[in-house]
Undergrad: 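Pasting in a structure now, in structure tokens, and then I'll have a few things to ask.
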Amino acid sequence: MEFRVEPSCHGWTLTAFLKKCFEGLSSKQIKRSLEAKACTVNGVTQTFSSYKLMEGDLVVYSGLSQLKTLPIILFEDEFILVFNKPAGLISDSRTFEKALGKWGKRWSLVHRLDKETSGVMVLAKSKSVYESLVAQFTNRKVQKKYVALLDGKLTPKTGSIETYLGPSGKYQGGILYGSMKSGGRRALTHYNVLQQKNRTSLALIEIMTGRTHQ
């Protein structure tokens with residue numbers, strides 16, 4: 001939905017403006033949707049709830065549809081629920097509680113994916129199942145495989161990448177992670193190129209260590 005900032009709203013924060021436009025929307029809901037890149041101001045994505053607006057700014061907000069979208073359920077039994085997380089959605093229990101309604105409050109999110117990564121996630125339906133699955137992730141008994149579209153060509157077409165990752169800077173209020181010459185945590189990734197064309201590669205990636213931004 002589009003909104004033009006009126007003179008009376010000049011200098012308002014993005015949160016205050018959106019709460020005025022959408023009565024009943026909480027500050028927490030707005031913050032989560034902004035972090036999921038659900039809002040632009042004059043065509044530029046804004047992720048900060050404290051962003052100050054000016055008269056005449058054009059605000060486009062898609063957060064309502066995002067909050068109401070039910071994740072695609074891939075599998076469900078009496079123990080777990082498995083669903084596909086879309087890219088741009090934060091791996092936060094409150095996000096999925098909102099999407100799944102009252103059932104989401106009863107179940108526990110077992111693991112997380114980076115915000116910009118889409119993929120399979122698991123909810124446990126009891127404390128015992130949650131503890132068992134968390135132990136399996138911790139003990140590296142869970143295989144993590146991704147399909148990735150890469151800029152450039154990998155040589156050789158099958159191999160491993162080992163590096164050490166740690167905080168390397170900040171961007172838009174968040175922490176950036178990158179390879180470090182000293183310190184950091186070991187990250188090991190196996191890859192197999194499926195296709196290559198021009199300057200792009202489609203690869204099957206297997207994550208062995210699960211570090212932030214690996």
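Numbering starts at 1 and runs along the sequence shown.
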Undergrad: Take Lys20 and Cys9 through the side-chain contact (heavy atoms from CB on, under 4.5 Å) test and state the conclusion after the steps.
TA: CA-CA 10 Å; Lys20 173 182 178 294; Cys9 298; 3.9 Å; yes
Undergrad: Who clusters with Met208? Use side-chain heavy atoms, under 4.5 angstrom, across I, L, V, M, F, W and Y, and order the result by chain and number.
TA: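 Met208 clusters with Leu188.
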Undergrad: Can you spot which of Val110, Asn84, Leu74, Leu113 makes a side chain to side chain contact (heavy atoms under 4.5 Å, CB included) with Met121?
TA: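 Among Val110, Asn84, Leu74, Leu113, the one meeting side chain to side chain contact (heavy atoms under 4.5 Å, CB included) with Met121 is Leu113.
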Undergrad: Which pair of heavy atoms, one from Val122 and one from Leu133, lies closest together, and at what distance?
TA: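 So the minimum-distance heavy-atom pair works out to CG1-CD1, 4.0 Å.
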Undergrad: Please say which of Val60, Val59, Asp57 ends up in a side chain to side chain contact (heavy atoms under 4.5 Å, CB included) with Asn42.
TA: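 Exactly one pass, corresponding to Asp57.
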Undergrad: Looking at every heavy atom in both Ala203 and Leu150, which two are closest together, and how far apart are they?
TA: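 Between these two residues, the closest heavy atoms are CB-CD1, 4.1 Å.
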Undergrad: Using atom types as modelled and distance alone, determine if a side-chain donor or acceptor of Asn139 lies under 3.5 Å from a backbone N or O of Gln136.
TA: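 Checked: no pair found.
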Undergrad: Is Glu55 salt-bridged to Arg4, cutoff N-O under 4.0 Å?
TA: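 No, Glu55 and Arg4 are not salt-bridged.
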Undergrad: Judged by modelled atom types alone, do Ser128 and Ser126 share a side-chain donor-acceptor pair under 3.5 Å?
TA: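 Yes.
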Undergrad: Regarding Ser179 and Thr163, do their side chains bring together a donor and an acceptor under 3.5 Å, going by distance alone?
TA: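 Yes.
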Undergrad: Is a side-chain donor-acceptor pair under 3.5 Å present for Thr40 with Tyr61?
TA: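 Tyr61 vs Thr40: no donor-acceptor pair found between side chains.
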Undergrad: Work out which heavy atom in Pro156 is nearest to a heavy atom in Tyr191; give both atom names and the distance.
TA: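 The answer is O-OH, 2.7 Å.
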Undergrad: In Å, rounded to the nearest 0.5 Å, how long is the span from CZ of Phe17 to OG of Ser49?
TA: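 Reported to 0.5 Å precision, the distance equals 15.0 Å.
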Undergrad: With sequence neighbours left out, which residue pairs that include part of residues 148-162 fulfil the side chain to side chain donor-acceptor pair (under 3.5 Å) condition?
TA: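 For residues 148-162, and leaving out neighbouring residues, the side chain to side chain donor-acceptor pair (under 3.5 Å) pairs sorted by first residue read Thr158-Asn192, Ser160-His190, Glu162-Arg186.
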Undergrad: Less than 3.5 Å apart, any donor N or O on the side chain of Lys31 or Thr15 sitting next to an acceptor on the other?
TA: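 Their side chains do not contain a donor-acceptor pair, so the 3.5 Å distance test is not met.
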